[in-house]
Amino acid sequence: MTSVLALYRNHDALMNMSSNQQPTLILRRLSVDEYVLPKIHTKKIKRVNSERKPFSVNPFPKLGTGHGVYVFENQYFRYEGEWVKGKKHGFGKLLLKDGTYYEGQFNQGEITGTGFKFFSETKCKYKGQFLKGEMHGRGIMEFPDSSEYEGNFVHNRKNGYGVMRTPLTQYDGGYQGNMRHGEGRMVYAPMRYDKTSNGDRYEGYWVADKRHGPGVLHCADGSIFDGNFDNDEFHGHGLYRHISGVIYDGMWLKGFPAKMASKLHIVVENTPMVIRQGTPFTITVQCLNDENDVVGDEGREIQITAGFKYYQPSKGSALFDMIEDVEDKPIDTPFGYQVVHYPLTNQEQENDGPSEEDEEQELSQSQTQLDLKEDEDENQNNKEEEIKEGEDGEKLAENEKQDDEKEDGVDNSGGGVEEPDEIPNNTTTETESVPLPPPVPNCRSEEGVCVWNEVYLAPAPPMYRPFVAMEEAENDKKSSSRGKPAINKDDRRSSIGLQRVVTAAKIPSILDKMRRQKEKALEEKYAKTGEYVLMVHDVTNPPFLGRTIEPAFLLLKLKRPEAKKRAKKEGKKWDTSQHIRRSMVATEGLED
């Protein structure tokens with residue numbers, strides 16, 4: 001009985017099982033009094049592995065395959081597209097809650113393939129290849145400032161060859177880790193007012209977004225650098241052809257030449273330099289650095305000019321009212337005074353002026369004539385002393401007065417106004433114009449040296465202000481020294497002696513007058529004798545690397561031409577013995 005009751009109880013349990021569990025009865029022989037319930041085996045159905053949760057109410061394809069829309073549990077992601085066995089696979093769109101979205105290919109639940117992605121935070125747009133959710137492969141990235149990169153990506157970074165275009169630059173070359181690396185070419189936009197671009201073009205190597213290694217830089221102004229770079233600067237050996245014409249080929253340190261010219265030097269044996277009227281001279285200038293070494297740059301433009309000491313005109317003079325109109329401003333010199341420009345030329349001048357020897361001969365002849373005149377006047381005065389002893393003092397005073405007036409250009413003897421013996425060299429007639437000679441052209445340096453040959457100091461231009469101011473000062477001194485003491489008429493003998501002294505004193509004044517006339521004749525062809533300043537400036541335009549080197553100054557002493565040496569004629573030598581013999585013969589003949 002017991003076994004039967006147990007069988008019924010198991011039967012009731014079987015009836016309460018779910019329909020999914022189909023029992024399988026396995027019977028076996030038992031003893032007469034014993035019945036055992038057979039084992040029940042159930043078959044389990046595998047569920048599809050999907051991202052769908054039980055609470056989701058979105059339409060989802062049957063068995064996870066097909067087109068469907070799904071919102072993830074965290075409510076941050078939303079996917080709409082194709083599914084395969086419960087995974088995103090095929091074409092779809094994944095939208096993030098912040099506005100970022102991807103639209104493209106999926107593979108086994110991952111963003112892999114070709115697609116488009118919009119970044120809401122940076123407003124960038126990418127179209128290209130993806131691998132497991134990252135930009136990987138060829139693609140195009142557009143930036144909000146209209147910049148664009150087209151090239152290769154590796155793990156969301158620019159890597160490999162690519163082209164980057166911005167409003168100011170265009171680069172095509174190698175990248176590594178989002179930075180320019182390797183060989184590449186950069187073209188900068190034309191010069192802008194805010195100096196954010198300069199129009200240069202670079203072809204060479206890059207390291208970590210900076211020019212590093214060999215390369216060629218073509219500047220917008222035409223300058224070219226071909227050499228080595230380090231951290232975006234010229235460093236190492238390089239050849240630089242500057243737009244101004246300067247060429248430097250050598251070593252560079254941190255953007256500048258290892259040997260940079262900083263000053264000019266005039267090569268001269270003695271200071272001051274002595275030159276002669278009408279005789280050309282040569283000037284050699286070197287470009288030196290701070291260590292006084294010659295810098296071998298090529299093509300630096302050097303200018304030489306001359307200057308004369310500047311005299312400030314006094315109030316009331318003719319130049320004082322004109323000083324404001326002077327365009328040529330005085331130049332400071334290291335000699336303690338200022339100078340104004342004086343014409344310097346390399347035009348050949350005619351050297352047909354009289355030599356010093358000829359002048360000395362003329363002056364000696366004039367001296368002889370003055371001595372004869374003095375003796376004649378002395379004899380005449382002795383005769384007048386015997387005849388008119390009482391009137392000598394008055395005539396002496398009158399003669400001296402007339403001589404002084406003649407020197408000033410006034411003749412009171414009835415002849416009217418006498419023209420002065422000297423005509424100032426700064427006056428010209430209205431019908432006569434004196435053209436200024438051409439200036440000395442600038443010189444381009446060769447291996448750091450400039451040489452000018454056949455250089456002259458030209459004649460002074462009309463109304464050259466320093467010379468006019470000098471003459472005004474000299475005239476003021478003469479006028480102040482012309483006051484002479486009155487002659488005592490009673491002391492007649494002292495008057496006669498004074499006349500002799502005055503006559504002797506007039507001789508050097510006449511000689512000075514003749515000398516001044518000779519100098520004036522030379523000044524019409526050559527420069528006035530005196531002290532000048534030679535100035536050398538760096539006028540390279542634009543300045544090489546933005547630097548202008550310091551100028552140089554040199555004193556010049558201008559003197560009259562050297563006397564021509566005349567060869568002495570060799571005559572017959574004096575034979576004393578022969579002369580005595582002839583004298584003895586002549587004496588014997590007279591005695592006979």
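Only a predicted model underlies this, so the values are computations on that prediction, with no experimental measurement involved.
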**Aromatic ring pairing Phe467/Phe308, orientation class (parallel under 30°, perpendicular over 60°, tilted between)** = perpendicular
**Item:** Mutual orientation of the aromatic rings belonging to Phe130 and Tyr102 [parallel < 30°, tilted 30-60°, perpendicular > 60°]
**Value:** perpendicular
**Message:** What verdict does the side chain to side chain contact (heavy atoms under 4.5 Å, CB included) test give for Lys259 and Glu291, after you've listed the backbone C-alpha separation in whole Å, the side-chain angles of each residue and the deciding distance to 0.1 Å?
**Reply:** CA-CA 9 Å; Lys259 288 186 177 182; Glu291 288 76 22; over 6 Å; no
What are the two closest non-hydrogen atoms of [X] and [Y], and how far apart are they?
| X | Y | answer |
| --- | --- | --- |
| Leu288 | Val294 | CD2-CG2, 3.6 Å |
| Lys263 | Asn289 | CE-O, 3.4 Å |
| His67 | Trp83 | C-CD1, 4.3 Å |
| Phe553 | Ile266 | C-CD1, 4.1 Å |
| Gln338 | Pro330 | OE1-CB, 3.4 Å |
| Gln108 | His89 | N-ND1, 3.0 Å |

Checking [X] side chain against [Y] main chain: does a donor-acceptor pair fall under 3.5 Å?
| X | Y | answer |
| --- | --- | --- |
| Asn159 | Val154 | no |
| Trp252 | Ala258 | no |
| Trp452 | Pro441 | yes |
| Thr100 | Ser120 | yes |
| Gln129 | Arg138 | yes |
| Thr112 | Lys132 | yes |
| Thr540 | Pro543 | no |
| Thr65 | Lys85 | yes |
| Asn156 | Met135 | yes |
| Thr345 | Pro437 | no |

**Complete:** Residue pairs meeting salt bridge (charged side-chain N to carboxylate O under 4.0 Å, His left out), one or both in residues 293-305, sequence neighbours left out, come to Asp297-Arg300, Arg300-Asp538, Glu301-Arg444
**Prompt:** Can you list every pair that meets salt bridge (charged side-chain N to carboxylate O under 4.0 Å, His left out) and has a residue in residues 205-233, with sequence neighbours left out?
**Reply:** Arg180-Asp209, Arg211-Asp232
**Message:** If you apply the rule ring pair (Phe, Tyr, Trp, His ring centres under 6.0 Å), what do you find for Tyr175 with Tyr149, and how did you get there?
**Reply:** CA-CA 11 Å; Tyr175 276 90; Tyr149 171 78; 5.3 Å; yes
Measuring only between side-chain heavy atoms, which start at C-beta, is [X] closer than 4.5 Å to [Y]?
| X | Y | result |
| --- | --- | --- |
| Val268 | Asn270 | no |
| Val187 | Thr169 | no |
| Leu253 | His235 | yes |
| Leu554 | Met535 | no |
| His155 | His136 | yes |
| Lys158 | Asn152 | no |
| Ile111 | Leu94 | yes |
| Leu264 | Cys287 | yes |

**Fill in**
Taken in chain and number order and not counting sequence neighbours, the residues that satisfy ring-ring contact (aromatic ring centres under 6.0 Å, His included) with Tyr205 are none
**Prompt:** Does a side-chain N-to-carboxylate-O contact under 4.0 Å join Glu80 and Lys93?
**Reply:** no
**Electrostatic pair Lys309-Glu531, nearest N-O below 4.0 angstrom** = no
**Message:** Between Tyr337 and Val533, does the side chain to side chain contact (heavy atoms under 4.5 Å, CB included) criterion hold? Intermediate values first, please.
**Reply:** CA-CA 11 Å; Tyr337 56 84; Val533 176; 3.7 Å; yes
**Prompt:** Does NZ or CZ of Arg165 fall inside the cone over Phe143's six-membered ring, less than 6.0 Å from its centre and within 45° of the axis?
**Reply:** no
[atom1]/[X] to [atom2]/[Y] distance, rounded to the nearest 0.5 angstrom?
| X | Y | atom1 | atom2 | value |
| --- | --- | --- | --- | --- |
| Asn453 | Phe281 | CG | CZ | 11.0 Å |
| His265 | Glu550 | NE2 | CD | 14.0 Å |
| Leu534 | Ile275 | CG | CD1 | 8.5 Å |
| Lys117 | Met141 | NZ | CE | 8.5 Å |
| Thr279 | Arg560 | OG1 | CZ | 13.5 Å |
| Lys123 | Glu142 | NZ | CD | 15.0 Å |

Is the gap between the ring centers of [X] and [Y] under 6.0 Å?
| X | Y | answer |
| --- | --- | --- |
| Tyr188 | Tyr202 | no |
| Tyr342 | Tyr464 | yes |
| Phe234 | Phe225 | yes |
| Phe118 | Phe116 | no |
| Phe153 | Tyr126 | yes |

**Request:** Kindly write out the residues that satisfy side-chain contact (heavy atoms from CB on, under 4.5 Å) with Val207, not counting sequence neighbours, or none if the list is empty.
**Result:** His181, His212
**Request:** Just do the side chain to side chain contact (heavy atoms under 4.5 Å, CB included) check on Ser147 and Met164 with the steps written out, would you?
**Result:** CA-CA 7 Å; Ser147 300; Met164 183 71 183; 4.2 Å; yes
For residues 243-250, dump all side-chain donor-acceptor pairs below 3.5 Å to protein atoms at least two apart in sequence or in another chain.
residue, atom, partner, partner atom, Å
Ser244, OG, His242, ND1, 2.6
Tyr248, OH, Met251, O, 3.2
Asp249, OD1, His237, NE2, 3.2

**Request:** Determine, stepwise, if the pair Gln75 / Val71 fulfils side chain to side chain contact (heavy atoms under 4.5 Å, CB included).
**Result:** CA-CA 6 Å; Gln75 302 291 316; Val71 178; 3.8 Å; yes
**Message:** Going by ring-ring contact (aromatic ring centres under 6.0 Å, His included), Tyr79 matches just one of Tyr101, Phe72, Phe106. Which one?
**Reply:** Phe106
**Asked** Among all residues two or more places apart in sequence or in another chain, which pass the side-chain hydrogen bond (donor to acceptor under 3.5 Å, both in side chains) test with Thr284?
**Response** none
